[in-house]
Enquirer: 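Sharing a structure, written as structure tokens. Questions coming.
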Amino acid sequence: FDGNNFTVRNLKIIKSSTNQGLFGCIENAVIKNLNIINMYIESDKNIGGICGYCINSTISDCIVHGTIVTNKSISGGIAGYSLSQKGKSQIKNCFSSVIMNNSNTSGGITGINSSLQGGTAEITGCCSVSEISGTIVGGITGISNNSALIKNCCYLDYNDSLEAVG
């Protein structure tokens, strides 16, 4: 999906479910050149502005601004959960400015960035200026495991919301 730098404004999702975002779950997909401004998403698990769950896909050159609220689990400004399973999952050159409240695992770009079964998951050239609260939180990602990579990224906590951030 090429958004051609168009902007989606006032996206509002309130649903007790998993995999919530403009796209719920993407697999072997490419999403690029898309802006989401003034979004509000309230849901349970795997919540992100672009997509809730990203499997072996690429998200590039996207901007997300808004609010994510959950009492349960995983949330990220761009993608809730980014997984590479025997393939490649990549988030590159994206920017988020998101307020995330009460998530268990959350990050400015992804909640979880994970590689399994020899896959490659990367976050490259991304920046987040966000306010994040939760149990396991990070400026770029809450959890990055196995051989997942984070390169050339930046985070600015505009409200000193994170006491300890990695």
Side-chain angles (χ1 to χ4, degrees), residues 1-15 17-43 45-70 74-100 103 105-115 119-132 138-144 147-158:
F1 178 82
D2 186 345
N4 289 314
N5 293 314
F6 283 102
T7 299
V8 175
R9 294 185 190 278
N10 303 316
L11 172 68
K12 187 173 185 178
I13 300 171
I14 300 175
K15 186 173 184 179
S17 180
T18 60
N19 301 334
Q20 297 297 313
L22 181 64
F23 300 93
C25 179
I26 61 171
E27 187 169 358
N28 300 314
V30 174
I31 298 176
K32 61 184 180 179
N33 304 318
L34 180 63
N35 306 311
I36 301 174
I37 305 298
N38 197 34
M39 70 157 192
Y40 180 88
I41 303 175
E42 186 174 330
S43 192
K45 181 179 177 183
N46 296 346
I47 306 164
I50 300 294
C51 69
Y53 199 17
C54 172
I55 305 166
N56 296 333
S57 296
T58 297
I59 300 171
S60 67
D61 303 297
C62 294
I63 296 171
V64 174
H65 172 269
T67 302
I68 295 174
V69 178
T70 180
I74 303 157
S75 64
I78 302 296
Y81 197 125
S82 180
L83 172 66
S84 171
Q85 191 170 16
K86 295 183 182 179
K88 187 169 187 174
S89 198
Q90 187 175 31
I91 299 175
K92 60 183 183 177
N93 305 323
C94 292
F95 175 81
S96 73
S97 176
V98 180
I99 296 171
M100 280 183 268
S103 182
T105 303
S106 56
I109 303 298
T110 64
I112 295 177
N113 184 43
S114 181
S115 298
T120 304
E122 318 187 330
I123 301 172
T124 307
C126 294
C127 190
S128 178
V129 178
S130 297
E131 180 180 338
I132 305 168
I140 301 300
T141 186
I143 295 174
S144 187
S147 60
L149 302 171
I150 299 172
K151 299 187 291 189
N152 302 320
C153 294
C154 65
Y155 172 73
L156 176 63
D157 184 353
Y158 71 80

Enquirer: Check whether any side-chain N or O of Ser84 sits under 3.5 Å from a backbone N or O of Ser115 as a donor-acceptor pair, and report yes or no.
Expert: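 Flag not set: sc Ser84 to bb Ser115 has no pair under 3.5 Å.
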Enquirer: For a quick check under 3.5 Å, do Ser89 and Ser82 share a side-chain donor-acceptor pair by atom type?
Expert: yes
Enquirer: Below 4.5 Å, heavy atoms only, C-beta onward: do Ile14 and Ile41 meet side chain to side chain?
Expert: no
Enquirer: CD/Gln20 to SG/Cys25 distance, rounded to the nearest 0.5 angstrom?
Expert: 11.0 Å
Enquirer: To the nearest 0.5 Å, what is the distance between NZ on Lys12 and CG on Asn38?
Expert: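 Output value for this atom pair is 10.5 Å.
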Enquirer: Quick one: does Ser128's side chain have a donor or acceptor within less than 3.5 Å of a partner on Ile109's backbone?
Expert: no
Enquirer: What pair of heavy atoms forms the shortest contact from Ile74 to Gly111, and how long is it?
Expert: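 For Ile74 and Gly111, the tightest heavy-atom pair comes out as CG2-CA, 3.9 Å.
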Enquirer: Start with the C-alpha gap between Ile55 and Asn28, add the side-chain angles, then the distance that decides, and say whether side-chain contact (heavy atoms from CB on, under 4.5 Å) holds.
Expert: CA-CA 7 Å; Ile55 305 166; Asn28 300 314; over 6 Å; no
Enquirer: Any side-chain to backbone donor/acceptor pair from Ser96 onto Val98? Under 3.5 Å, distance only.
Expert: no
Enquirer: Quick check for you: to the nearest 0.5 Å, what is the distance between Thr124 atom OG1 and Asn93 atom CG?
Expert: 8.0 Å
Enquirer: Would you check, one step at a time, whether the test side-chain contact (heavy atoms from CB on, under 4.5 Å) holds for Val64 with Ile50?
Expert: CA-CA 7 Å; Val64 174; Ile50 300 294; 3.9 Å; yes
Enquirer: Hydrogens and angles aside, do Ser43 and Thr70 bring a side-chain donor and acceptor to less than 3.5 Å of each other?
Expert: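 Their side chains do not contain a donor-acceptor pair, so the 3.5 Å distance test is not met.
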Enquirer: Would you mind reporting whether Leu83 and Cys54 have side-chain heavy atoms less than 4.5 Å apart?
Expert: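 Not in contact.
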Enquirer: Do Val129 and Tyr155 have side-chain heavy atoms sitting under 4.5 Å apart?
Expert: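 No, side chains not in contact.
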Enquirer: Please test Ile37 against Met39 for side-chain contact (heavy atoms from CB on, under 4.5 Å), starting from the C-alpha separation and ending with a verdict.
Expert: CA-CA 6 Å; Ile37 305 298; Met39 70 157 192; over 6 Å; no
Enquirer: Considering residues at least two apart in sequence or located in another chain, which fulfil the side-chain hydrogen bond (donor to acceptor under 3.5 Å, both in side chains) criterion with Asn33?
Expert: Asp2
Enquirer: Within the 4.5 Å heavy-atom criterion, are Glu122 and Lys92 side-chain neighbours or not?
Expert: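 No, their side chains stay 4.5 Å or more apart.
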Enquirer: How far apart are the closest heavy atoms of Thr141 and Ile143, and which atoms are they?
Expert: OG1-O, 3.1 Å
Enquirer: Report yes if some heavy atom in the side chain of Thr110 is under 4.5 Å from a heavy atom in the side chain of Ile78; otherwise report no.
Expert: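 When only atoms from C-beta onward are counted, Ile78 and Thr110 do not touch, as no gap falls below 4.5 Å.
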Enquirer: For the CZ atom of Phe1 and the CD1 atom of Ile31, what is their distance to the nearest 0.5 Å?
Expert: 8.0 Å
Enquirer: Listed by chain and number, what are the disulfide bond (SG atoms under 2.5 Å apart) partners of Cys127, not counting sequence neighbours?
Expert: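 Residues passing disulfide bond (SG atoms under 2.5 Å apart) with Cys127: Cys154.
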Enquirer: So Cys62 and Phe95, side-chain contact (heavy atoms from CB on, under 4.5 Å) or not? Walk me through it.
Expert: CA-CA 6 Å; Cys62 294; Phe95 175 81; over 6 Å; no
Enquirer: Could you tell me if the side chain of Ile99 sits less than 4.5 Å from the side chain of Ile68, heavy atoms only?
Expert: no
Enquirer: Would you give the length of the straight line joining atom CD1 of Ile59 to atom CD1 of Ile91, rounded to the nearest 0.5 angstrom?
Expert: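 It is 4.5 Å, given to the nearest 0.5 Å.
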Enquirer: Quick one: does Ser75's side chain have a donor or acceptor within less than 3.5 Å of a partner on Ile47's backbone?
Expert: no
Enquirer: From Arg9 CZ over to Ile36 CD1, what is the distance, rounded to the nearest 0.5 angstrom?
Expert: 12.0 Å
Enquirer: Which pairs, with at least one residue in residues 53-64 and sequence neighbours excluded, count as a side chain to side chain donor-acceptor pair (under 3.5 Å)?
Expert: none
